[in-house]
Amino acid sequence: MANIVLIGAGSASFSLALLRDVILTKSLWGSRMVLVDIDPERLALAETLATRYRDELKADIQFASTVDRRKGLEGAEFVICAVKVGGYGPLEAERKIAEEQGYYRGIGDRVSCYYGGVGAYHQLKFLMDLASDMERICPDAWLIQTANPVFEGTNILTRNTKVKTVGVCHGHFAYRDVANKIGLNPDEVSVQVVGFNHYTWLTHFRHKGRDAYPLIDRWIEEKAQAYWSSGEYSEQMSPGAVDAYRLYGLFPIGDAVRCATPWWHHTDPKTKERWYGKTGGFDSEIGWSRYLRRKVELHDSLVRLVNESNAALLEKYPLKASGEQHIPIVDAIANDKETTLQLNIPNDGCLDGVPDDVVVEIPAIVSGRGVQGVRVGRLPAPVMNHVMIPRMMRLEHILNAYMNRDRKTLVLMLMEDPRTRSFEQAQRLIDTLLAQPWNTEAAKHYR
């Protein structure tokens, strides 16, 4: 049994996905799930769906819900944070402001929402406040940090708090798309994916004991052009991903296809279309609009489902694993089941060339003893020098700006953006963003 708290439970589909994982994990039956969200209506929706789903399956899971975070943390053993402070409205407004000042698609890591607004202020402040509450209320609990930016968020927590923290993402599973496309059964390949969150690389790719990278090379040479000719293809196997492989020597995986690919892939809609297909990829005007629209449609469909009191949730959401790692972490620690997962944890010598206190995304062994990273060696020099080290320095800029309340660091960081033409341009954008009404606190923070 475990006491699991979900912060940001108003995302009803995510709450339901985690519940299904708990139900499928019989060793966690008898556990208690506490749903926490500041939006009472969304919280009620999530609790209603979860309770009805549990009841349909007659699963032994207890529920509670609250809008009071501190109350929800009482007795917590595992805290899952899935909070997006302020939603997407302000972030899209910030993107528009940035575009008006010469920054196509806004500033940040290709998709600016990953940072949670200018300087990642709102997300970082929330995480530090949450950690402070946990240190007082549930000091022995684990924090499973899944809210973006996972890289900055997990780093600030592991460096500056006593909370036991791991970062979680699912982007590494995109290796299965690689396997499928080149004609391999994903269940028959073994992989190692290494890097930073949203900057991960396929360092080992083997099929039945043999190196399968030559099969990727053969697919590129013999079949890629025909696959790309329609313009409709997966981002993971796009010309942009292949170009990054040619440039840096390893295949980018998951979100790395847009975040770790070179800036000249992302200068304008036509260029993005060339590298990522007819829509321009997930973070283009078309792709991102579809994503936001689907989120609204999903929420609306869940509301309709709740209003249909006789609707069987199992017909709409069959009982199957979500593929997320949150509940496997809980099960491995709570029940001492040694499991290897892909997690974001402090490096501590696992990845050569990266300081020990920088969080890396690597395979890790999880059990009742905690979390221990697997040594993964070294990434190729082109990957380190042109992608990883610049990303690591951006991490340091963001954290230093937040911890030291330094607005100038935000401006200097923007000076490294290839779209910036003058110091005045960068300073004007930062000042404009911080002058927005939703950034009143941030403006006071960054002096």
Side-chain angles (χ1 to χ4, degrees), residues 13-14 16-28 144 146 166-195 197-224 226-227 232-238 241-242 244-245 250-257 282 314 317-333 335 337-345 360-367 371-377:
S13 59
F14 184 64
L16 195 56
L18 293 189
L19 171 61
R20 284 187 286 173
D21 288 344
V22 173
I23 291 173
L24 286 166
T25 310
K26 290 296 182 70
S27 52
L28 288 176
I144 302 173
T146 193
V166 294
V168 177
C169 191
H170 53 217
H172 63 285
F173 286 121
Y175 80 84
R176 299 179 68 85
D177 193 14
V178 178
N180 276 320
K181 193 51 58 185
I182 66 174
L184 300 179
N185 182 344
D187 295 330
E188 294 178 351
V189 302
S190 60
V191 302
Q192 180 176 272
V193 178
V194 171
N197 184 238
H198 294 163
Y199 279 67
T200 52
W201 306 87
L202 189 62
T203 55
H204 291 81
F205 185 49
R206 305 187 72 81
H207 179 246
K208 296 183 177 179
R210 301 183 66 178
D211 183 12
Y213 250 106
L215 301 180
I216 297 179
D217 296 333
R218 186 185 306 166
W219 179 85
I220 293 171
E221 181 179 348
E222 299 176 358
K223 298 182 178 181
Y227 175 59
E232 298 286 351
Y233 42 78
S234 74
E235 196 169 82
Q236 179 58 67
M237 299 302 285
S238 64
V242 170
Y245 169 39
L250 287 176
F251 216 85
I253 293 295
D255 297 282
V257 173
F282 174 71
L314 276 170
Y317 295 96
L319 185 60
K320 63 179 181 179
S322 71
E324 300 284 359
Q325 300 180 102
H326 307 76
I327 300 308
I329 292 173
V330 174
D331 190 35
I333 294 175
N335 295 309
K337 294 182 180 179
E338 188 169 295
T339 308
T340 299
L341 300 170
Q342 182 85 6
L343 301 178
N344 292 265
I345 56 176
V360 291
E361 185 168 308
I362 57 173
I365 299 170
V366 188
S367 69
V371 180
Q372 293 85 37
V374 173
R375 178 163 171 73
V376 294

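For reference, positions follow the sequence shown, starting with 1.
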Do [X] side-chain atoms and [Y] backbone N/O form a donor-acceptor pair below 3.5 Å?
| X | Y | value |
| --- | --- | --- |
| E235 | F282 | yes |
| N344 | G167 | yes |
| Q342 | V193 | yes |
| Q236 | G254 | yes |

Out of curiosity, [X] [atom1] to [Y] [atom2], how far, rounded to the nearest 0.5 Å?
| X | Y | atom1 | atom2 | value |
| --- | --- | --- | --- | --- |
| M237 | Y245 | CE | OH | 10.5 Å |
| Q325 | T339 | CD | OG1 | 10.5 Å |
| I362 | L343 | CD1 | CG | 8.5 Å |
| R176 | L184 | CZ | CG | 12.0 Å |
| K337 | S367 | NZ | OG | 13.0 Å |
| T25 | D331 | OG1 | CG | 5.5 Å |

With D211, which residues qualify under salt bridge (charged side-chain N to carboxylate O under 4.0 Å, His left out), at least two apart?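 By the salt bridge (charged side-chain N to carboxylate O under 4.0 Å, His left out) rule, D211 matches no residue at all.
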Which residues share a salt bridge (charged side-chain N to carboxylate O under 4.0 Å, His left out) with E338, sequence neighbours left out: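 Applying salt bridge (charged side-chain N to carboxylate O under 4.0 Å, His left out) to E338 gives R369.
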Show, in sequence, the C-alpha distance, side-chain angles and deciding distance for I216 and I220, and conclude whether the side chain to side chain contact (heavy atoms under 4.5 Å, CB included) test is met. CA-CA 6 Å; I216 297 179; I220 293 171; 3.9 Å; yes
Between [X] and [Y], which heavy-atom pair has the shortest distance, and what is it?
| X | Y | value |
| --- | --- | --- |
| T146 | V168 | OG1-O, 3.4 Å |
| Y199 | A256 | CA-CB, 4.0 Å |
| D177 | S234 | OD2-OG, 2.8 Å |
| V257 | P252 | CG2-O, 3.9 Å |
| D255 | G171 | OD2-CA, 4.1 Å |
| I253 | A174 | CG2-CB, 4.1 Å |

Would you say the rings of F14 and H326 are close, in the sense that their centroids are separated by under 6.0 Å?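 When the ring centroids of H326 and F14 are compared, they turn out to be within the sub-6.0 Å range.
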Strictly by modelled atom types, are T200 and E361 linked by a side-chain donor-acceptor pair under 3.5 Å?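 Checked: T200/E361 side chains show no N/O donor-acceptor pair below 3.5 Å.
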Counting only heavy atoms not in R218, do more than 12 fall under 6.0 Å of its CZ?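 Not buried by this count: 12 neighbours or fewer within 6.0 Å.
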Within a reach of under 6.0 Å around NE2 of H170, are more than 12 heavy atoms found that belong to other residues, nucleotides or ligands?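 Not more than 12 within 6.0 Å, no.
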Answer whether the closest heavy-atom distance between the side chains of [X] and [Y] falls below 4.5 Å.
| X | Y | result |
| --- | --- | --- |
| S190 | H204 | no |
| V191 | V189 | yes |
| V194 | V360 | no |
| W219 | Y227 | yes |
| V376 | T203 | no |
| L28 | I327 | yes |
| N180 | P186 | yes |
| I365 | V371 | no |

Taking the six-membered ring for Trp, are F205 and Y213 parallel (under 30°), tilted (30 to 60°) or perpendicular (over 60°)?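 Answer is perpendicular, since the angle exceeds 60°.
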